[in-house]
Amino acid sequence: MSRFYITTPIYYVNDAPHIGHAYPTVTADAIARWHRLLGDETMFVTGTDEHGLKIQRAAEANGITPLEQADRTSQRFRDAWTLLDISNDQFIRTTEQRHHRSVQELLTRAKDNGYIEKGSYAGHYCVACEAYYNDDDLIDGSDCPIHERPVEWLEEENYFFKLTALESELLDWLNGPHVFPEGKRNEALGIVKLGLEDVSMTRTSIDWGVPVPWDDDHVFYVWYDALINYATAVGFGTDEDEFNQWWPEVHHIIGKDILRFHCVYWPAMLIAAGLEPPKEVHVSGFLLLGGKKLSKTGLTQIAPADLVEDFGVDGYRYHFLRDVSFGPDSEFSYEQMVARYNSDLANTLGNLLSRVTTVVQKKCDGIGPAPDVDSALGKVAADSYAAAAEAWDRFQAPVAMEATWQLIREANAYLERHEPWKMEQGSPEVQRVMGDALEVLRWAAIMAGPALTRASEAIWAAIGLDGSPTDERLPEAAAWGRYPGGLTVTKSAPLFPRLKAE
RNA sequence: GGCGACGUAGCUCAGUUGGUAAGAGUGCUCGACUCAUAAUCGAGAGGUCGUGGGUUCGAGUCCCACCGUCGCUACCA
């Protein structure tokens with residue numbers, strides 16, 4: 001039995017979930033569902049990142065504890081993922097005890113291996129921001145760029161992560177097949193080649209974080225705690241055997257803004273602790289609105305719930321999986337979403353189900369016949385499957401979706417060529433044609449399942465099959481001719497009612 | 001300033017290590033069909049692959065310059 005471990009970033013709880021958070025989550029979910037279909041023992045982890053200055057301050061502003069603050073927002077993420085049928089096996093929170101143990105264990109090992117040392121950090125500090133600034137960032141060389149008032153020169157003792165000692169190990173890792181797409185790998189290489197510096201990894205100025213086990217005055221800086229969630233989730237620090245079963249075969253999905261942390265710091269931290277760096281990091285671009293990235297301040301956030309209201313869960317998931325190329329930035333367009341819903345879901349797939357169930361009622365007494373094992377559609381199905389499987393392997397959901405729809409479109413053309421509605425009721429000819437059409441629907445319910453979590457079940461039931469398409473196992477289930485025939489086919493309301501453009 | 005990404009049909013995008021006369025979906029035009037959610041099927045129009053050079057027998061695909069858009073340069077996917 002092979003295993004498949006996939007993660008999303010854990011989202012920082014200073015922000016409400018929006019489509020920018022949902023995109024990598026839906027992508028990871030679809031890939032996880034694909035691997036479950038393949039029969040892999042699958043671990044899909046998402047969660048929330050809950051420490052750090054911003055949370056502490058937000059809590060103070062709201063007059064609650066940092067944990068209460070984190071609880072509130074973390075719950076909103078869980079609600080959003082429930083809404084979108086996200087099938088995560090775990091939802092990890094960095095405030096969990098198991099995570100604190102894991103962080104302390106991993107970083108203690110790094111320290112014991114000589115990669116963490118005490119040093120002092122000095123710089124221009126803005127008290128209002130509670131943050132350090134570089135000379136370049138200051139206005140006229142002396143004022144905070146946000147508060148426009150003088151900064152102070154502050155020096156504090158910190159523990160430093162000796163990133164510089166790991167340069168050659170990082171280059172070795174980055175030269176391997178670990179960061180995708182290629183352009184993003186080059187970007188990570190560029191960061192290393194530009195010159196690494198040792199980085200301050202603890203804070204004494206706040207206490208909302210994971211305590212440094214060897215020095216009570218410090219907590220780990222939020223990034224050094226957050227990244228380790230990927231290890232915590234599969235047992236690091238609590239169950240080494242479990243951990244060793246999953247690690248290092250992990251697939252991280254991240255956004256390009258956190259490339260530095262996942263492609264430089266994270267592998268370095270693991271190496272420092274004597275562990276293997278991650279197997280794959282897949283970097284996505286941003287969703288843009290009017291050419292700008294989504295932001296709270298720009299009022300360009302879009303809540304998944306608003307779109308689900310218009311398009312349904314399937315319509316939501318399908319749009320982002322089919323239209324957003326994984327890697328480059330992508331412009332979000334409501335009109336594009338409507339067009340995609342109508343063409344692929346309402347017209348091509350939904351209408352296929354409608355016409356097939358109607359003709360089966362009229363010409364086959366509502367009993368679905370078995371397909372022709374030598375049907376011309378069998379070859380198309382095999383090609384579609386091969387292309388889709390290859391695309392899922394590369395994390396290219398849009399390509400996998402397009403490959404899947406090739407057969408669905410072909411089924412419409414096949415009906416057109418044979419015109420079963422003109423055939424004699426119950427004849428062998430009409431039985432064969434309709435059996436083939438039903439077989440395509442069976443196949444599509446499985447293959448589109450990672451995207452259309454609900455419609456795939458509805459199709460499955462409509463053509464008379466028991467159980468769920470998620471119980472099927474690939475590649476056998478994609479082989480042509482598995483629809484048994486003799487099942488009751490049900491005509492029902494349109495699966496995806498057409499949407500009017502607004 | 002430094003580093004980097006991107007620029008392919010109206011729109012959204014594919015184009016593996018350079019090599020059959022540039023692809024898909026959608027949109028548009030025309031035709032067919034009427035089982036079906038005014039859905040479906042067929043045919044067609046539509047691109048100097050940002051611009052200009054270079055390497056090569058041959059470049060969308062490598063190199064240089066330029067133009068345009070954008071990002072990063074430590075804590076929002």
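Residue numbers begin at 1 in each chain, while the letters A, B, ... track the order of the sequences.
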Check: What does A/Ala413 touch in the nucleic acid at a heavy-atom separation under 4.0 angstrom: a base, only the sugar-phosphate, or nothing?
Finding: sugar-phosphate
Check: With a 4.0 Å cut-off, would you call A/Arg432 and A/Asp436 a salt bridge?
Finding: no
Next item on the list: Flag yes if more than 12 heavy atoms outside A/Lys491 fall under 6.0 Å of its NZ atom; otherwise flag no.
Entry: yes
Next item on the list: Any strand is fair game: report the nucleotide pairing with B/U73 by Watson-Crick or G-U wobble, both distances under 3.5 Å, or none.
Entry: B/G1
Margin query: Is A/Arg322 close enough to B/G25 that one of its side-chain N or O atoms is under 4.0 Å from OP1 or OP2 there?
Written below: no
Check: Is there a Watson-Crick or G-U wobble partner for B/A43 with both distances under 3.5 Å, and which nucleotide is it?
Finding: B/U29
Notebook entry, point to check: Of the nucleotides B/A74, B/G42, B/U37, which one has an atom closest to the side chain of A/Ser354?
Noted result: B/U37
Next item on the list: Report the distance from atom NE2 of A/His418 to atom C1' of B/C33, rounded to the nearest whole Å.
Entry: 16 Å
Checklist line | Base paired to B/G60 (Watson-Crick or G-U; both N/O distances under 3.5 angstrom) | finding: none
Next item on the list: For B/U17, give its Watson-Crick or G-U wobble partner with both distances under 3.5 Å, or none.
Entry: none
Item checked: For B/A65, the Watson-Crick or wobble counterpart (both distances under 3.5 Å) -> B/U51
Check: Which residues, if any, of residues 393-412 of chain A bring a heavy atom under 4.0 Å of RNA chain B?
Finding: A/Glu402, A/Arg409, A/Asn412
Check: Using 4.0 Å as the upper bound for N to carboxylate O, is an ion pair formed by A/Asp85 and A/Arg454?
Finding: yes
Check: Between B/C35, B/A74, B/U37, which nucleotide has the shortest distance from any of its atoms to the side chain of A/Lys362?
Finding: B/C35
Notebook entry, point to check: On RNA chain B, nearest-nucleotide positions of A/Lys184 versus A/Ser325: which is more 5'?
Noted result: A/Lys184
Note to self: Counting only heavy atoms from other residues, nucleotides and ligands, does the tally under 6.0 Å from CD of A/Glu197 exceed 12?
What the structure shows: no
Checklist line | Residue whose closest nucleotide on RNA chain B lies nearer the 5' end, A/Pro494 versus A/Tyr224 | finding: A/Pro494
Next item on the list: Take the protein atom CG of A/Leu353 and the nucleotide atom P of B/A36, then report the distance between them rounded to whole Å.
Entry: 13 Å
Note to self: Please tell me if A/Lys422 has a side-chain N or O lying less than 4.0 Å from either OP1 or OP2 of B/U34.
What the structure shows: yes
Check: Atom CZ of A/Phe220 and atom P of B/A74: how far apart are they, to the nearest Å?
Finding: 23 Å
Notebook entry, point to check: Within the modelled atom types, does a donor on one side and an acceptor on the other bring the side chain of A/Asn351 and the base of B/A36 under 3.5 Å apart?
Noted result: yes
Notebook entry, point to check: B/G2 and B/A14: how far apart are their C1' atoms, nearest whole angstrom?
Noted result: 33 Å
Next item on the list: Taking only the side-chain nitrogens and oxygens of A/Lys256, find out if one of them lies under 4.0 Å from OP1 or OP2 of B/C70.
Entry: no
Notebook entry, point to check: Does a donor on one side chain sit under 3.5 Å from an acceptor on the other, for A/Gln69 and A/Asn62?
Noted result: yes
Item checked: Residue A/Trp421, side-chain heavy atoms: nucleotide from B/C35, B/A74, B/C33 that is nearest -> B/C35
Next item on the list: Say whether A/Tyr11 and A/Thr25, considering side chains only, have a donor N or O and an acceptor N or O under 3.5 Å apart.
Entry: yes
Next item on the list: Measure the distance from CD on A/Gln425 to C1' on B/C35 and round it to the nearest whole Å.
Entry: 13 Å
Check: Does the distance from a Lys or Arg side-chain N to an Asp or Glu carboxylate O, for A/Glu416 and A/Arg355, drop under 4.0 Å?
Finding: yes
Next item on the list: Go through B/U37, B/C11, B/C33 for me and flag the one nearest to the A/Glu419 side chain.
Entry: B/C33
Next item on the list: Starting at atom CG of A/Asp344, determine the distance to atom C1' of B/A39, rounded to an integer number of angstrom.
Entry: 14 Å
Note to self: Once you apply a heavy-atom cut-off of 4.0 Å, does A/Ile258 come out as touching a base, just sugar-phosphate, or nothing?
What the structure shows: sugar-phosphate
Checklist line | Per A/Lys54 side chain, nearest of listed nucleotides B/A36, B/A74, B/C76 | finding: B/C76
Next item on the list: Name the closest nucleotide to the A/Arg355 side chain, picking from B/U12, B/U37, B/C35.
Entry: B/C35
Notebook entry, point to check: Looking for any heavy atom pair under 4.0 Å, which part of the strands does A/Val324 touch: base, sugar-phosphate only, or nothing?
Noted result: nothing
Check: When you compare B/A39 with B/G44, how far apart are their P atoms, in angstrom units rounded to a whole number?
Finding: 23 Å
Check: Got a sec: does the CZ of A/Arg76 have more than 12 other heavy atoms crowding it under 6.0 Å?
Finding: no
Next item on the list: Output the single nucleotide from B/C35, B/C33, B/C13 whose closest atom is nearest the side chain of A/Ser330.
Entry: B/C13
Item checked: Under 3.5 Å on both distances, the Watson-Crick or G-U partner of B/U34 -> none
Next item on the list: Mark yes or no: A/Arg442 above the aromatic ring of A/Tyr483, with NZ or CZ under 6.0 Å from the six-membered ring centre and no more than 45 degrees from the axis.
Entry: no
Next item on the list: Would you classify A/Tyr12 as touching base, sugar-phosphate or nothing, given that sugar-phosphate means primed atoms plus P, OP1 and OP2, and contacts are heavy atoms under 4.0 Å?
Entry: nothing
